Amino acid sequence: MNCIDKHLKEELFALNRYIYEHPELGYAEFKSSEAHVELLKKHGFKTEYGYMGIQTGFRAEYTNGAGPTVAYLSEYDALPEVGHGCGHNIMGTLSTGAAIHLKENLGDTKGRIIVIGTPAEETDGAKVRYAAHGAFDDVDVALISHPFYKNVKSGISFALKALRFTFTGKAAHAAAAPQNGINALDACISTFVNIGLLRQQIVPTARIHGIIKNGGTTANTIPDFACAEFYVRAASKSYLKELARKVCACAKAGAAAAGAGLEITEYETGNDNLLTNHTLQECLCRNLVKVGITNIEEAGEANGSTDVGDVSHVCPTIHPSFNIMAPGEQYSTHTAEFREATLRQPAKEALVKNVCALAMTGKEIMDDPQLLGKIKAEFKTAVEND
Ligand SMILES: [Zn+2]
Ligand SMILES: [Zn+2]
């Protein structure tokens, strides 16, 4: 495959800069999503804007006969105050760029290239809804790569459930008539104690962390209302289910002990854990080496959750990271330093190389049914064993 041409290079650098200059929060990425859609349209993609009822989401498609479907996932949401401190300006540009570059180098290769614009990764990620509503059902592989200070293979992330426990009691004067009260805060504190004890009997890869959102207003009134919010995380979907049930039992026991009422809700969209498709990752690694990126590290332990996890349970998926820094620089994400790095020369060079490698990977999958078969077999086993 030819290297990315000068014209496309300039278009991608401009897209990266434009989104950097117009940071928009999740589900308000109007300018950013429009800029992606316009560029894809210009390059011959058929686009659906406002995809699946999400105004700032989109789907772009280019088909060249019957063949595999390769999806590039594009993110473009920013953070409050720090703007593109997570670098989703360059991240989305990479995916859109890879799709365009692949389209322009398809030759006789048959298949379909799609770009899914996925809003709000930082908050209530749209990929969860897209995955649940069939956006990836006809996709053979999904690719996305995050900017970082080193090149890292796709790894694992936590499955997540966001649980809110709302306790209701009965107010009473805490000195004059405490016997008339039902203490909702006691129920809440018992829940924390129960969960603290539960932690000894959980697997080391799981996490439970929470806060008290409401715990009464004055010390001399028995609180009739208390509320706690927890994130429960686990390395697999099946263990998350089991652990969430136990955490809920802790809250039920706390409520029962205090005689309080309890309501359990999920206050944010949860995530599935990321199932990395290693065959697909190795294919990308081979292509990264071809474009001159050789220092690729193995992924470490899970350190968070992502809505890409939900995609990875529907179709073979990878979510590696690519280095955008100059040698010696190590700025972490969600900082102003990281944001500034996305526009500099090393980031531009990394963008070009990664666009090529991702496009080459897409082409290889379309051209090699045996490789795709291996990817799909791995996927099937991973989902069954999760
Ligand atoms: Zn982030
Ligand atoms: Zn990010």
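Everything numeric here is computed off the predicted structure, so don't read it as measured data. Residue numbers start at 1 and run along the sequence shown.
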Subject >> From I365, V70, D367, residue fulfilling side chain to side chain contact (heavy atoms under 4.5 Å, CB included) relative to L372 >> reply: I365
**OP:** Check whether any side-chain heavy atom of V352 lies under 4.5 Å from a side-chain heavy atom of F13, and answer yes or no.
**Re:** yes
Subject >> Side-chain heavy-atom pair H101, M360 within 4.5 angstrom cut-off >> reply: no
Subject >> Donor-acceptor contact below 3.5 Å, side chain T335 vs main chain S332 >> reply: yes
Original post:
Can you find a heavy atom in the side chain of F45 that is under 4.5 Å from one in the side chain of I100?
Top reply: yes
Subject >> S154 (side chain) donor-acceptor with H319 (main chain) under 3.5 angstrom >> reply: yes
**OP:** State whether the side chain of E24 and the backbone N or O of F30 hold a donor-acceptor pair below 3.5 Å, judged by distance alone.
**Re:** yes
Subject >> Sidechain N-carboxylate O distance under 4.0 Å for E340, R344 >> reply: no
Original post:
Should we say atom CG of D108 is surrounded by more than 12 heavy atoms from elsewhere, each under 6.0 Å from it?
Top reply: no
Original post:
Parallel under 30°, tilted from 30 to 60°, perpendicular over 60°: which one fits the rings of Y267 and Y231?
Top reply: parallel
**OP:** Following the transitive rule for hydrophobic clusters with a side-chain heavy-atom cut-off under 4.5 Å over Ile, Leu, Val, Met, Phe, Trp and Tyr, establish whether Y62 and Y72 coincide in one cluster.
**Re:** yes
Original post:
Got a salt bridge between K153 and E282, using NZ or NE/NH1/NH2 to carboxylate O under 4.0 Å?
Top reply: yes
Original post:
Taking the side chain as C-beta and beyond, is there a heavy-atom pair between L371 and T279 under 4.5 Å?
Top reply: yes
Subject >> Matching residue for S33 among Y51, Y76, Y49 - test: side-chain hydrogen bond (donor to acceptor under 3.5 Å, both in side chains) >> reply: Y49
Subject >> Shortest non-hydrogen contact from I212 toward F192 >> reply: CG1-CE1, 3.5 Å
Original post:
CD of Q345: more than 12 outside heavy atoms within 6.0 angstrom?
Top reply: yes
**OP:** Determine whether more than 12 heavy atoms belonging to other residues, nucleotides or ligands lie under 6.0 Å from atom NZ of K110.
**Re:** yes
Original post:
Would you say I195 and V193 make side-chain contact, with heavy atoms under 4.5 Å?
Top reply: no
**OP:** Check whether any side-chain heavy atom of C227 sits under 4.5 Å from a side-chain heavy atom of F165, and report yes or no.
**Re:** no
Subject >> Between NZ on residue K246 and CD on residue Q201, distance to nearest 0.5 Å >> reply: 8.5 Å
Subject >> Note, L280 side chain near L143 side chain (heavy atom, < 4.5 Å) >> reply: yes
Original post:
Given side chains that start at C-beta, do those of K252 and I264 come closer than 4.5 Å, heavy atoms only?
Top reply: yes
Subject >> Distance (rounded to the nearest 0.5 Å) between L40 CG and T96 OG1 >> reply: 4.5 Å
**OP:** Assess whether atom CD of E301 is packed by more than 12 heavy atoms of other residues, nucleotides or ligands within 6.0 Å.
**Re:** no
**OP:** Look at the aromatic rings of H88 and H146 and report parallel, tilted or perpendicular, splitting at 30° and 60°.
**Re:** perpendicular
**OP:** Verify whether the ring centers belonging to H22 and Y18 lie closer than 6.0 Å.
**Re:** yes
Original post:
Quick one: do K6 and E10 make a salt bridge, cutoff under 4.0 Å?
Top reply: no
Original post:
Okay, side chain of Y239, backbone of V203: is any donor-acceptor separation there less than 3.5 Å?
Top reply: yes
Original post:
Under a single-linkage definition using a 4.5 Å side-chain heavy-atom cutoff for Ile, Leu, Val, Met, Phe, Trp and Tyr, are I144 and M366 assigned to the same hydrophobic cluster?
Top reply: no
Subject >> Lys/Arg N to Asp/Glu carboxylate O, D307 vs R129, below 4.0 Å >> reply: no
Original post:
Any chance CD of Q55 has more than 12 other-residue heavy atoms, nucleotides or ligands included, within less than 6.0 Å?
Top reply: no
Subject >> Residues K41 and E38 bridged, charged N to O under 4.0 Å >> reply: yes
Original post:
Does M325 belong to the same Ile/Leu/Val/Met/Phe/Trp/Tyr cluster as V152, with side-chain heavy atoms less than 4.5 Å apart forming each link?
Top reply: yes
